[in-house]
**Q** 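Here it is, the structure, as structure tokens.
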Amino acid sequence: MSERAESPPAELWSSILDSVSSTRSIPSKQILLLGEPGTGKSTVAAGLLHKPVESTSAATDFALGYDWADVKDDAEEDTLARLSILTLPSSAPAYLSLIPHFVPPKTALPNSLVMILLDWTKPWSFIEQLEMWLQWVEKWAKGDGSREMEIAREESRERLQSHLQHYTEPSSETAALPLAGSSISASTLLPLGSGTFTHNSAGVPIIVVCTKADLIDETPESLNAGPSGMGGMVKGKGSEWEERTDAVMQVLRTICLKYGAGLFYTSQQPATLQTLRQYALHLLFAPPAPSVAAAAGEGVAPTRNPFPFTHKPNTLDRDRILVPAGWDSWGKISVLREGFEAVRWGDAWESDLDSAPSREDHPPSDGAISMFRDIVGPDRSAKPPPLPELIEPTPEQGFLAKHYETLSRDPERDPRATFRHAAATGPTGVVGPMGPSSFNLPNVERALVEMESTNEAPATGTGSRNRPANAPTRRTQQTDGRNPLAQVLPGTAGRAGGPASPISATRPAGDLGGPQTHEVLQNFFQSLLVNKNRGSTPLSASASSQTSTSPKATEPKDEPKSS
């Protein structure tokens, strides 16, 4: 028993190693870099990471860019933190949908900062882009709505609110070190001013960065980009020029004040990017809100920010504006230029947000977007060529109904009349000797007449002498002097020009004249085949065939008597 009591626990060394690794672990922070193409995201990312700018073409861009760097101390010996930057190419929905998968708000909210980039060469797009990006940040910070997500949102909002309330402007002697849990208790903190931190319910740290601020005073001719930049929205420099640029800054400061965000202007000068990097680290490592024990002054050591920000606010130099979160107010914004009403712009911003779900491309007249156009003018960016007019096809039933009405009003255009005429004139398209038109050919009629006349000629044989002189022949009795075609095909005698045959009138339908008619037709077509092989004419061939196959030729002849 004593040996077991003196032996150390099995997990002792594991717990010691875990505690040491946790105390020496390097904190990791990340920045979401949001902006449209051409806003200078690669330059800002290189300045934040202290890396050279890489000239990457659009073909090598990724759907979600990623880069990181270690943050060293002043002596470049110890690593204080690890900074990651995720770059979004544009505001396309396909790109925005990637962020919740790679940066889930439940775990990333305490260690993330959002940086929105605006291009000073396109000032007319400031309000529209700000509205779009800030609404997306609110949507992303909501997460899945779970209980854990709501707790993370409340803690983040309390931390940002505490940072805004504890902000003190640095002096020339000492640096500003905003502390959470300083000698000022929570009960003595002043409340936030009017229009401050009214939005951003999740408390996401936000920095609005206006890039290319060194091009504010450039004219469109020097930019070689057409009517762009601030030089394209006013007629000339001077007092009007400065008033408009100051008005733009006042509007941006009013919007940033609502979200507890900072406002920075950057240029190609490394000093502006270095200042932005210091403030981003200072905001990322802002300590949490003071606990109840610290607020009561029970001797809890205050938590200091490892990255202090020592730069003073600057609202006079237009190419290096610096407005940290927690310093600005409606009073300071109105002092810059007389006649600016922060309350009116705040209401205009709310009007745009309320009408955003229902409007398409027409913002309300009293909204911030419409009011901002009065300052900077209309959109002067290059527009893509308009698409050709959309051709909408007529529905099938509507097309048929339209033509049916047209044809029903004009009987001559009725397509059914063609078929009625064909039915009235008889069948067409019959190919071969049985077609009705083939019996009206002159050659056929002539051949039949010759055949009949040959049969009616007086014979020299005994049979002819024995037959009475006035007795009609067998063929004559059948034809009776009428058109032989009337017997071949019933109903054709009228069309051939002769009188209607009584035989055809009394003969039932389908009877084409009995065996004699069939015999005549058979002999006629056989003669045509024989003449085709011999090269003789059909007329002579038909006559000879008729005489050879005539019933008279088959009758027995009496031998001539001797004289």
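Both backbone and side-chain heavy atoms feed into the values below; hydrogens, waters and symmetry mates do not.
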**Q** Out of curiosity, Ile127 CD1 to Leu252 CG, how far, rounded to the nearest 0.5 Å?
**A**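 With rounding to 0.5 Å, CD1 (Ile127) is 5.5 Å from CG (Leu252).
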
**Q** Heavy atoms only: give me the nearest Ser370-Ser365 pair and the separation to one decimal.
**A**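 So the two residues come closest at CB-O, 3.6 Å.
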
**Q** Using atom types as modelled and distance alone, determine if a side-chain donor or acceptor of Lys41 lies under 3.5 Å from a backbone N or O of Gly35.
**A**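 Yes; at least one donor-acceptor contact below 3.5 Å.
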
**Q** Report the distance from atom CD1 of Ile151 to atom CG of Leu109, rounding to the nearest 0.5 Å.
**A**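 Here the rounded value is 13.0 Å.
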
**Q** Could you tell me if the side chain of Val114 sits less than 4.5 Å from the side chain of Leu34, heavy atoms only?
**A**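 Of all side-chain heavy-atom pairs linking Val114 with Leu34, at least one is under 4.5 Å.
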
**Q** If you measure only the distance, is there a donor-acceptor pair under 3.5 Å linking the side chains of Ser201 and Arg153?
**A**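 There is such a pair between these side chains.
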
**Q** For the pair Leu83 and Gln30, evaluate side chain to side chain contact (heavy atoms under 4.5 Å, CB included) and give the outcome as yes or no after the intermediate values.
**A** CA-CA 6 Å; Leu83 183 63; Gln30 58 189 358; over 6 Å; no

**Q** What heavy-atom pair brings Leu88 and Ala63 nearest, and what distance separates the two atoms?
**A**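 Smallest interatomic distance, heavy atoms only, reads CD1-O, 4.2 Å.
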
**Q** Nearest 0.5 Å, what's the CG-OG1 distance between Leu273 and Thr43?
**A**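 Result: 7.5 Å between the selected atoms.
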
**Q** Could you give the side-chain donor-acceptor pairs of residues 91-105 under 3.5 Å, partners two or more places apart or in another chain?
**A**
{"unit_1": "Ser91", "atom_1": "OG", "unit_2": "Glu36", "atom_2": "OE2", "d": "2.5"}
{"unit_1": "Ser97", "atom_1": "OG", "unit_2": "Pro93", "atom_2": "O", "d": "3.3"}
{"unit_1": "Ser97", "atom_1": "OG", "unit_2": "Ala94", "atom_2": "O", "d": "2.9"}

**Q** Under 4.5 Å between any side-chain heavy atoms of Arg344 and Met371, yes or no?
**A**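 Arg344 reaches Met371 side chain to side chain.
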
**Q** How far does CD of Glu405 sit from CG of Leu400, to the nearest 0.5 angstrom?
**A**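 So the CD of Glu405 and the CG of Leu400 are separated by 11.5 Å.
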
**Q** Show the nearest heavy-atom pair for residues Gly367 and Asp352, with the distance to one decimal.
**A**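 Taking Gly367 first and Asp352 second, the nearest heavy atoms are CA-OD1, 3.3 Å.
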
**Q** Among Val208, Ile207, Thr211, whose side chain to side chain contact (heavy atoms under 4.5 Å, CB included) with Phe264 holds?
**A**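 With Phe264 as partner, side chain to side chain contact (heavy atoms under 4.5 Å, CB included) holds for just one option, Ile207.
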
**Q** Using the ring-ring contact (aromatic ring centres under 6.0 Å, His included) criterion, which residues pair with Tyr259? Sequence neighbours excluded.
**A**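 Applying ring-ring contact (aromatic ring centres under 6.0 Å, His included) to Tyr259 gives His199.
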
**Q** Could you measure the distance from the CZ atom of Phe399 to the OH atom of Tyr404? Nearest 0.5 Å is fine.
**A**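 So the gap between those two atoms works out to 16.0 Å.
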
**Q** Do Leu86 and Leu64 make a side-chain contact, defined as non-hydrogen atoms from C-beta onward lying under 4.5 Å apart?
**A**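 Result yes, sub-4.5 Å side-chain heavy-atom pair found.
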
**Q** At their closest point, which heavy atom of Asn111 faces which heavy atom of Thr107, and how far apart are they?
**A**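 Closest pair (atom of Asn111, atom of Thr107, distance): ND2-O, 4.1 Å.
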
**Q** Restricting to non-hydrogen atoms, name the atom on Ala69 and the atom on Lys51 that form the minimum distance, rounded to 0.1 Å.
**A**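 Closest heavy-atom pair between Ala69 and Lys51: CB-CE, 4.1 Å.
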
**Q** Are the side chains of Leu134 and Ile206 in contact, using a 4.5 Å heavy-atom criterion?
**A**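 Yes, at least one pair of side-chain atoms sits under 4.5 Å.
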
**Q** For Glu154, give me all partners under salt bridge (Lys or Arg N to Asp or Glu O under 4.0 Å), at least two apart in sequence or on another chain.
**A**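 None.
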
**Q** About how many Å separate CH2 of Trp120 and OG of Ser267, when rounded to the nearest 0.5 Å?
**A**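 So the gap between those two atoms works out to 13.5 Å.
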
**Q** Can you check whether Phe126 reaches Val248 side chain to side chain, under 4.5 Å on heavy atoms?
**A**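 In contact.
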
**Q** More than 12 heavy atoms of other residues, nucleotides or ligands under 6.0 Å from CD of Gln268: yes or no?
**A**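 Open: at most 12 neighbouring heavy atoms sit under 6.0 Å from CD of Gln268.
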
**Q** Please answer whether the main-chain N or O of Ser351 pairs with a side-chain N or O of Ser355 as donor and acceptor at a distance below 3.5 Å.
**A**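 Judged by distance alone, yes, a pair lies under 3.5 Å.
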
**Q** Is there side-chain contact between Pro205 and Leu284, with at least one heavy-atom pair below 4.5 Å?
**A**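 Contact flag for Pro205/Leu284 side chains = no.
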
**Q** Is it the case that over 12 heavy atoms from other parts of the model lie below 6.0 angstrom from the NZ atom of Lys142?
**A**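 No, the 6.0 Å shell around NZ holds no more than 12 heavy atoms from other groups.
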
**Q** Hey, can you tell me if Trp136 and Trp133 have their rings parallel, tilted or perpendicular (30° and 60° cut-offs)?
**A**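 Correct class here is perpendicular.
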
**Q** Can you check whether Val209 reaches Leu118 side chain to side chain, under 4.5 Å on heavy atoms?
**A**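 The answer is no, as the side chains (C-beta and beyond) never meet within the 4.5 Å cut-off.
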
**Q** For the pair Ile31 and Leu48, evaluate side chain to side chain contact (heavy atoms under 4.5 Å, CB included) and give the outcome as yes or no after the intermediate values.
**A** CA-CA 10 Å; Ile31 297 176; Leu48 294 175; 4.0 Å; yes

**Q** Minimum heavy-atom separation for Leu263 and Cys256, please, with both atom names.
**A**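 Of all heavy-atom pairs spanning Leu263 and Cys256, the closest is CB-SG, 4.2 Å.
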
**Q** Less than 4.5 Å apart, any side-chain heavy atom of Ile369 and any of Trp124?
**A**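 No. Closest side-chain heavy atoms not under 4.5 Å.
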
**Q** Check side chain to side chain donor-acceptor pair (under 3.5 Å) between Ser84 and all other residues, then give those that pass, not counting sequence neighbours.
**A**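 Counting only residues at least two positions away or on another chain, Ser84 forms a side chain to side chain donor-acceptor pair (under 3.5 Å) with Tyr66.
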
**Q** Is a donor on one side and an acceptor on the other found under 3.5 Å between the side chain of Ser156 and the backbone of Gly203?
**A**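 Side chain of Ser156 to backbone of Gly203, a donor-acceptor pair under 3.5 Å: yes, one is there.
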
**Q** Return the set of residues passing salt bridge (Lys or Arg N to Asp or Glu O under 4.0 Å) with Glu138 (not counting sequence neighbours), or none when no residue passes.
**A**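 Glu138 satisfies salt bridge (Lys or Arg N to Asp or Glu O under 4.0 Å) with no residue once adjacent residues are dropped.
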
**Q** If we ignore hydrogens and angles and just use 3.5 Å, is the side chain of Ser112 paired with the main-chain N or O of Ala108 as donor and acceptor?
**A**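 Checking the backbone N and O of Ala108 against the side chain of Ser112, a donor-acceptor pair under 3.5 Å is found.
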
**Q** Please assess Leu521 against Asn523 for the test side chain to side chain contact (heavy atoms under 4.5 Å, CB included), listing each intermediate value before the final yes or no.
**A** CA-CA 5 Å; Leu521 293 176; Asn523 295 336; over 6 Å; no

**Q** Just jot down the salt bridge (Lys or Arg N to Asp or Glu O under 4.0 Å) partners of Asp144, sequence neighbours excluded, or say none.
**A**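 Asp144 satisfies salt bridge (Lys or Arg N to Asp or Glu O under 4.0 Å) with Lys106 once adjacent residues are dropped.
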
